[in-house]
Amino acid sequence: MRTVPAPDGIEIAYERSGDGPPLILLHGGSGCHRHWDALRPHLDEDFTLVTPDRRGRGESGDAEQYDLDREVEDLRTLVAAVDGDPVVFGHSFGGLVALAAADEVDLDALVLYEPALLVGEHRGDDLADRMQERLDAGERRAAMRLFIEEGGGVPDVEALPWWPDEANLDRTETVIRENRAVEAFRLPEEPDIDVPTLLLTGERGPEHLRDAVFALRERLPDTRLVELDGVGHVATESAPERVADAVRPFLRDSHSPES
């Protein structure tokens, strides 16, 4: 993997593949750059894909202090490392990072799959505290289970074939700090974001994230909404062809002379 130094000195690791305009893919809370492995083959003929490990994961470094602004600076660093203004595709917490950065970083367009955003009645959630309580009690598995079931809209994590062996339990602390950032973030009534934005949601996605997508459709000036029937929060992995089929025409249309 390649690396680029963030402003606070840590190294952000990323892979680069494909051919075409740059597309930066930001993974969600419990993942790493491998989250995109299923989707990449469907996009790398059309785009140069930049897939980082966000800070605190994989081959990227970490710092003792953490806040969302550092993630925004990491994205700014990645944008500076590519040629031209890229599109940023953020999934879940990666979507929140892209959203928070969109008024500060030169982007060509945004693609947001159920960004980790709390709106309306979902404000005031204390998932981070409840996860921390379980972790402090030595119940690491229970803490991550809470995140996957509540944050990801999974009815019963025990039914997942990869639980718990591939649940990335070692990232529990990182997930908790990111949930604190989610709970602290406030979406402005009129966000200062003027780039074309594709909003993606799964029919079976968690209610709080679907509500966030619909709120963004109302508040952003230039959006397209695609709802994928029969899938949930991780269609990027479970239905990658359908996700790619939504992304390609959006980016083509947003760059057409008539747009």
What are the two closest heavy atoms between [X] and [Y], and how far apart are they?
X      : Y      : value
Leu107 : Ala102 : CD1-CA, 4.1 Å
Ala38  : Pro240 : O-CB, 3.4 Å
Glu173 : Asp170 : OE1-O, 3.8 Å
Pro249 : Ala244 : CD-O, 4.4 Å
Ile12  : Asp53  : CG2-O, 4.0 Å
Leu169 : Arg141 : CD2-CA, 4.2 Å

Exceeds 12 heavy-atom contacts within 6.0 angstrom, atom [atom1] of [X]:
X      : atom1 : value
Arg204 : CZ    : no
Glu104 : CD    : yes
Glu190 : CD    : no

Regarding [X] and [Y], does a basic nitrogen lie under 4.0 Å from an acidic carboxylate oxygen?
X      : Y      : answer
Asp44  : Arg40  : no
Arg34  : Glu166 : no
Arg76  : Asp69  : no
Arg180 : Asp129 : yes

Any donor-acceptor N/O pair, [X] side chain to [Y] backbone, under 3.5 Å:
X      : Y      : result
Thr77  : Glu73  : yes
Arg242 : Asp229 : yes
Asp222 : Val195 : no
Glu15  : Met1   : no
Glu183 : Ala128 : yes
Thr48  : Gly20  : yes
Arg171 : Ser30  : yes
Arg248 : His42  : yes
Arg54  : Leu26  : no

May I ask you to test the [X]-[Y] pair for a side-chain heavy-atom distance under 4.5 Å?
X      : Y      : value
Asn168 : Val175 : no
Thr201 : Leu209 : no
Ser60  : Ile10  : no
Leu251 : Val87  : yes
Leu99  : Leu187 : yes
Ile148 : Leu160 : yes
Glu189 : Arg219 : yes
Val50  : Pro86  : no

Shared hydrophobic cluster for [X] and [Y] (ILVMFWY, side-chain gaps under 4.5 Å):
X      : Y      : result
Leu110 : Leu117 : yes
Ile176 : Val182 : no
Val72  : Val88  : no
Val4   : Val97  : yes

*List the steps and the verdict of side chain to side chain contact (heavy atoms under 4.5 Å, CB included) for Glu150 and His208.*
CA-CA 9 Å; Glu150 290 196 16; His208 67 291; over 6 Å; no
*From CA spacing to verdict: salt bridge (Lys or Arg N to Asp or Glu O under 4.0 Å), Arg145, Glu139*: CA-CA 10 Å; Arg145 176 174 185 163; Glu139 300 172 359; over 6 Å; no
Going from [atom1] on [X] to [atom2] on [Y], what distance comes out if it is rounded to the nearest 0.5 angstrom?
X      : Y      : atom1 : atom2 : result
Leu199 : Phe250 : CG    : CZ    : 8.5 Å
Asp253 : Leu198 : CG    : CG    : 10.5 Å
Leu112 : Leu225 : CG    : CG    : 11.5 Å
Asp136 : Glu133 : CG    : CD    : 8.0 Å
Asp19  : Glu45  : CG    : CD    : 9.5 Å
Phe93  : Glu178 : CZ    : CD    : 4.5 Å

*Could you pull out all residues at least two apart from Asp194 that satisfy salt bridge (Lys or Arg N to Asp or Glu O under 4.0 Å)?*
none
_Checking side-chain polar atoms at under 3.5 Å, does His122 have a donor or acceptor matched by the opposite partner on Asp211?_
yes
*asked:* If you apply the rule side chain to side chain contact (heavy atoms under 4.5 Å, CB included), what do you find for Asp8 with Arg55, and how did you get there?
replied: CA-CA 11 Å; Asp8 64 356; Arg55 64 171 53 219; 2.9 Å; yes
*Starting from the C-alpha separation in whole Å, work towards a yes-or-no answer on side chain to side chain contact (heavy atoms under 4.5 Å, CB included) for Trp163 and Asp156.*
CA-CA 10 Å; Trp163 175 266; Asp156 180 10; over 6 Å; no
*Given Asn179 and Met131, is the side chain to side chain contact (heavy atoms under 4.5 Å, CB included) satisfied, shown in steps?*
CA-CA 9 Å; Asn179 271 284; Met131 288 183 67; 4.0 Å; yes
*Quick one: which of His233, Glu227, Glu114 gives a side-chain hydrogen bond (donor to acceptor under 3.5 Å, both in side chains) with Arg210?*
Glu227
_Just to verify, which of Phe47, Tyr14, Phe89 counts as forming a ring pair (Phe, Tyr, Trp, His ring centres under 6.0 Å) with Trp36?_
Phe89
